[in-house]
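Written out below as structure tokens is the structure these notes cover.
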Amino acid sequence: MTSKRDQQTVYQTVKRIPPGCVATYGQVADLSNAPGRARWVGYLLRQSPPEEKLPWHRVVNAKGRISFPEGSEKHTMQRRLLEEEGVVFTQGVIDLKQFQWIFSLPDWLFGPPPE
DNA sequence: GGGCTGACCTACT
DNA sequence: CAGTAGGCCAGCC
């Protein structure tokens, strides 16, 4: 299903990713109570209006790689934004072991307000 | 309704 | 570890 509420849930999840961390598309889909819809998450981020102010750059694919072709405008921008937050790229790949966001209830409850 | 596309994922070579 | 194949699901002709 594709209700507006589902979209908002995904947006909220992305907003909950703390700076200096990354999450995978599948992970976002999972946390948004939408398992198996990783591609749909990607679609939403592509469609997301700037006024939502989503930290879309903190979302990468399961291999820890940016999902844009290397050398493209978007790729370069995303990488720069992440590096500014302290995320380190080694051979163009993020070490998910080190930087992947681990969901925790305290973060969810006491983290920065999503709206 | 049918067929193609994609900011994906997993498993298997 | 790199490359491939198949599966997946929502959107858009």
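Chain letters run A, B, ... following the sequence lines, proteins first and then strands; every chain starts at 1.
Between A:Arg79 atom CZ and B:dA7 atom C1' the separation is 17 Å, expressed in whole Å. Distance, A:Arg37 CZ to B:dC8 P: 17 Å, rounded to whole Å. Here the P atom of nucleotide C:dC8 and the CH2 atom of A:Trp40 are 19 Å apart, to the nearest Å. If you measure from atom CZ of A:Arg65 to atom C1' of B:dT10, you get 18 Å, rounded to the nearest angstrom.
Less than 4.0 Å separates DNA chain B from at least one heavy atom of each of the following residues of residues 41-62 of chain A: A:Gly42, A:Leu45, A:Arg46, A:Trp56, A:Asn61, A:Ala62. For the segment residues 24-35 of chain A, residues with any heavy atom less than 4.0 angstrom from an atom of DNA chain B are, sorted by number, A:Thr24, A:Tyr25, A:Gly26. Using a 4.0 Å cutoff on non-hydrogen atoms, no part of residues 81-89 of chain A comes near DNA chain B.
A side-chain donor-acceptor contact under 3.5 Å links A:Ser32 to the backbone of A:Val28. Between the side chain of A:Glu85 and the backbone N or O of A:Pro19 there is no donor-acceptor pair closer than 3.5 Å. Of the possible donor and acceptor atoms, none in the side chain of A:His57 sits under 3.5 Å from a partner among the backbone N and O of A:Leu81.
Across the P atoms, B:dA7 and C:dG6 are found 22 Å apart, a figure rounded to whole Å.
Side-chain heavy atoms closer than 4.5 Å link hydrophobic residues (I, L, V, M, F, W, Y) into clusters, and following such links, possibly through other members, connects A:Leu109 to A:Val14.
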List the atom pairs, with distances to 0.1 Å, where a side-chain N or O of residues 86-100 of chain A and a protein N or O form a donor-acceptor pair under 3.5 Å, not counting sequence neighbours.
residue  : atom : partner : partner atom : Å
A:Thr90  : OG1  : A:Val93 : O            : 3.4
A:Asp95  : OD1  : A:Lys97 : N            : 3.2
A:Gln100 : NE2  : A:Gln27 : OE1          : 2.9

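Judged as a salt bridge (Lys or Arg N to Asp or Glu O under 4.0 Å), and not counting sequence neighbours, the contacts of A:Arg80 are A:Glu84. Judged as a side chain to side chain donor-acceptor pair (under 3.5 Å), and not counting sequence neighbours, the contacts of A:Arg79 are A:Glu83.
For the pair A:Arg16 and A:Trp108, the distance from NZ or CZ to the six-membered ring centre is under 6.0 Å and the angle to the ring normal is within 45 degrees.
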Decide yes or no on side chain to side chain contact (heavy atoms under 4.5 Å, CB included) for A:Leu31 and A:Phe103, but give the supporting numbers first. CA-CA 8 Å; A:Leu31 290 175; A:Phe103 173 81; 4.1 Å; yes

Do A:Ser48 and A:Tyr11 pass the side chain to side chain contact (heavy atoms under 4.5 Å, CB included) test, and can you show the C-alpha distance, the side-chain angles, and the key distance before you say yes or no? CA-CA 9 Å; A:Ser48 69; A:Tyr11 288 161; 3.9 Å; yes

Does the pair A:Val59 and A:Leu45 meet the rule for a side chain to side chain contact (heavy atoms under 4.5 Å, CB included), with working shown? CA-CA 9 Å; A:Val59 185; A:Leu45 291 185; 4.0 Å; yes

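When each of A:Arg39 and A:Gln7 is assigned the nucleotide of DNA chain C bearing its nearest heavy atom, the one mapping closer to the 5' terminus is A:Arg39.
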